[in-house]
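Following: one structure in structure tokens, then a few remarks.
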2 protein chains.
Amino acid sequence: MGALQVKQLGTSEPRTQSQDSRDEILKAAMQLFANRGFHETSMSEVAREARVSKALIFWHFKTKEELFVAVLNRLLEPYFIDFAEEAAMDERAQIEKLAESYLSFVRDNASSVRFFLAQMLHDERLSESLNDQVLKLYSGYRAMLVELIARAQQKGICTRRTAPESAAAFLLSALNGLLIEYLFMGENAVDPEGAVAMVGEWLFGAPPGSSSTEGGGAPAA
Amino acid sequence: MGALQVKQLGTSEPRTQSQDSRDEILKAAMQLFANRGFHETSMSEVAREARVSKALIFWHFKTKEELFVAVLNRLLEPYFIDFAEEAAMDERAQIEKLAESYLSFVRDNASSVRFFLAQMLHDERLSESLNDQVLKLYSGYRAMLVELIARAQQKGICTRRTAPESAAAFLLSALNGLLIEYLFMGENAVDPEGAVAMVGEWLFGAPPGSSSTEGGGAPAA
DNA sequence: AATCCGCCTAACCTTTCGGTCAATGGCAAC
DNA sequence: GTTGCCATTGACCGAAAGGTTAGGCGGATT
């Protein structure tokens with residue numbers, strides 16, 4: 001969970017003027033691209049927002065597209081989630097934690113998730129590399145799930161007999177569905193804990209501490 | 001499932017020249033908007049594609065945005081699915097059929113689904129009405145699911161005790177997840193039947209054909 | 001025959017786009 | 001002090017955007 005933060009600007013390092021202005025430009029472009037998209041954002045706007053001349057942007061970045069991919073890469077930085085396998089937990093807890101961090105990540109990065117999704121949906125040639133990178137992250141996540149489920153089945157913890165690949169795919173689909181529900185309906189319409197509890201029940205049967213009194217998994221209105 | 005088709009142009013009806021050209025323009029604009037998006041499509045392109053002068057477009061539609069919403073409405077036509085409740089089926093079959101038609105609809109209209117999704121994600125002010133209409137369809141679908149699940153629970157067919165609203169929400173999320181998986185990974189990566197079967201099992205327990213009597217939904221290890 | 005009107009176009013207008021260029025001020029090296 | 005490089009700028013460019021205008025053509029009305 002460590003790598004969830006955006007890289008902080010090292011204010012102590014000796015930064016050149018150039019680096020400073022470059023950073024300012026990237027920051028402005030990031031905001032504008034994310035809120036309006038690529039084609040709807042003009043270089044003049046970026047220049048104004050960054051309080052810099054338009055020519056300077058073209059000094060730092062040869063073309064508008066080069067600026068765009070620089071922004072993409074910067075936006076992607078926080079996406080490399082550190083899924084430290086906490087060996088202490090059993091598989092069920094690990095899987096639920098994985099699902100939880102997926103959802104909380106989406107919650108915390110909603111605007112850029114939205115941006116990436118829109119970008120990938122609609123501007124294919126501009127963001128092939130983005131597509132690749134996201135796909136990589138995605139399949140890594142899926143592989144983790146598959147392995148966890150397989151292990152749980154071997155241990156006999158998981159009662160569901162579905163093939164691990166199918167189960168993982170279904171689980172991921174459910175998570176993605178929550179993602180888009182969240183993006184459209186907003187925070188209040190989604191109940192992450194309830195959803196996580198549901199997939200848990202789906203895979204493993206009754207809730208973990210069902211004999212005692214605990215509030216998890218209660219149906220919401 | 002009758003209303004899934006796009007309205008055919010009635011070639012037999014007496015159409016005026018005006019209607020013809022208007023139609024040609026809409027057709028061209030539809031294609032271009034869907035493939036490239038609003039801002040990336042120019043009126044000159046539309047004119048060229050429709051083999052018509054640019055001025056004629058502005059004679060039919062006051063502005064570019066007016067053309068756009070006309071296209072939106074035309075694209076939305078096939079979205080009004082006719083969910084004729086086939087009273088002969090039991091609730092499980094009805095729910096599975098609902099899920100199936102959701103997925104096959106997405107498969108058949110992939111390009112416009114993609115377009116709408118991108119549009120809603122990224123250009124909020126341009127497509128408020130689109131947002132509303134889609135939301136309406138969506139909540140209609142959800143309401144149907146809720147009712148079906150509630151009835152199944154009353155009848156005792158559905159073993160799952162979750163509140164119908166929560167179950168329907170989760171089911172819809174899973175479907176939406178499949179939707180985006182389909183949009184990104186393509187046809188071969190998604191297994192609609194498998195997914196439908198899974199939600200069926202999730203709600204009702206064992207597959208319908210396996211045994212006439214299914215006892216507890218979540219078998220213990 | 002003259003007129004009117006619906007449909008359509010070529011040419012034009014204004015604005016803004018991505019991008020270039022010559023010219024600057026600051027600053028370190030010689 | 002001059003040279004030379006880095007960072008930066010305002011002015012400028014051709015192209016293309018969305019949109020307008022004046023007018024042509026053809027068929028119905030008078």
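The sequence lines fix the lettering, A, B, ..., with proteins before strands; numbering per chain opens at 1. Worth saying up front: this structure is predicted, and the values here are computed from it rather than measured.
- Counting atom types as modelled, A:K54 pairs no side-chain N or O with a base atom of D:dG10 as donor and acceptor under 3.5 Å.
- Rounded to whole Å, the distance from CD on B:E24 to C1' on C:dC7 is 15 Å.
- Separating the CZ atom of B:F58 from the C1' atom of C:dC13 is a distance of 13 Å, rounded to the nearest angstrom.
- A:Y182 contributes no side-chain N or O that, together with a main-chain N or O of A:G177, makes up a donor-acceptor pair within less than 3.5 Å.
- At the phosphate of D:dT8, OP1 or OP2 sits under 4.0 Å from a side-chain N or O atom of A:S21.
- Proximity of A:I95 to A:F204: side-chain heavy atoms (C-beta onward) are separated by under 4.5 Å at one or more points.
- When the P atom of D:dG18 is taken as reference, atom CD of A:E40 falls 12 Å away, rounded to whole Å.
- One interatomic measurement links the two molecules: CZ of B:F61 to P of C:dC7, which rounds to 13 Å at whole-angstrom precision.
- Distance alone, capped at 3.5 Å, is enough to place a donor-acceptor pair between the B:K64 side chain and the B:F38 backbone.
- Formation of a donor-acceptor pair under 3.5 Å by the B:D191 side chain with backbone atoms of B:G194 is found in this model.
- Here the P atom of nucleotide D:dG24 and the CH2 atom of B:W59 are 19 Å apart, to the nearest Å.
- Between A:H39 and C:dC17 there is no side-chain N or O to OP1 or OP2 distance below 4.0 Å.
- Considering only side-chain atoms of B:T63, the nucleotide from C:dA10, D:dA17, D:dG19 that sits closest is D:dG19.
- Taking every side-chain heavy atom of A:A55 into account, C:dT20 is the closest of C:dC7, C:dC17, C:dT20.
- Atoms CZ (A:R51) and P (D:dA7) sit 20 Å apart, rounded to a whole Å.
- Comparing A:K62 and A:E45, the nucleotide of DNA chain C nearest to each residue sits closer to the 5' end for A:E45.
- Counting only N and O atoms by type, the side chains of B:Q133 and B:Y138 include no donor and acceptor under 3.5 Å apart.
- Atom-to-atom, CZ of A:R48 to P of D:dG10 comes out at 14 Å; the value is rounded to the nearest Å.
- D:dG19 atom C1' lies 13 Å from atom CD of B:E65, rounded to whole Å.
- A close approach under 4.0 Å does not occur between any side-chain nitrogen or oxygen of B:S53 and OP1 or OP2 of C:dA10.
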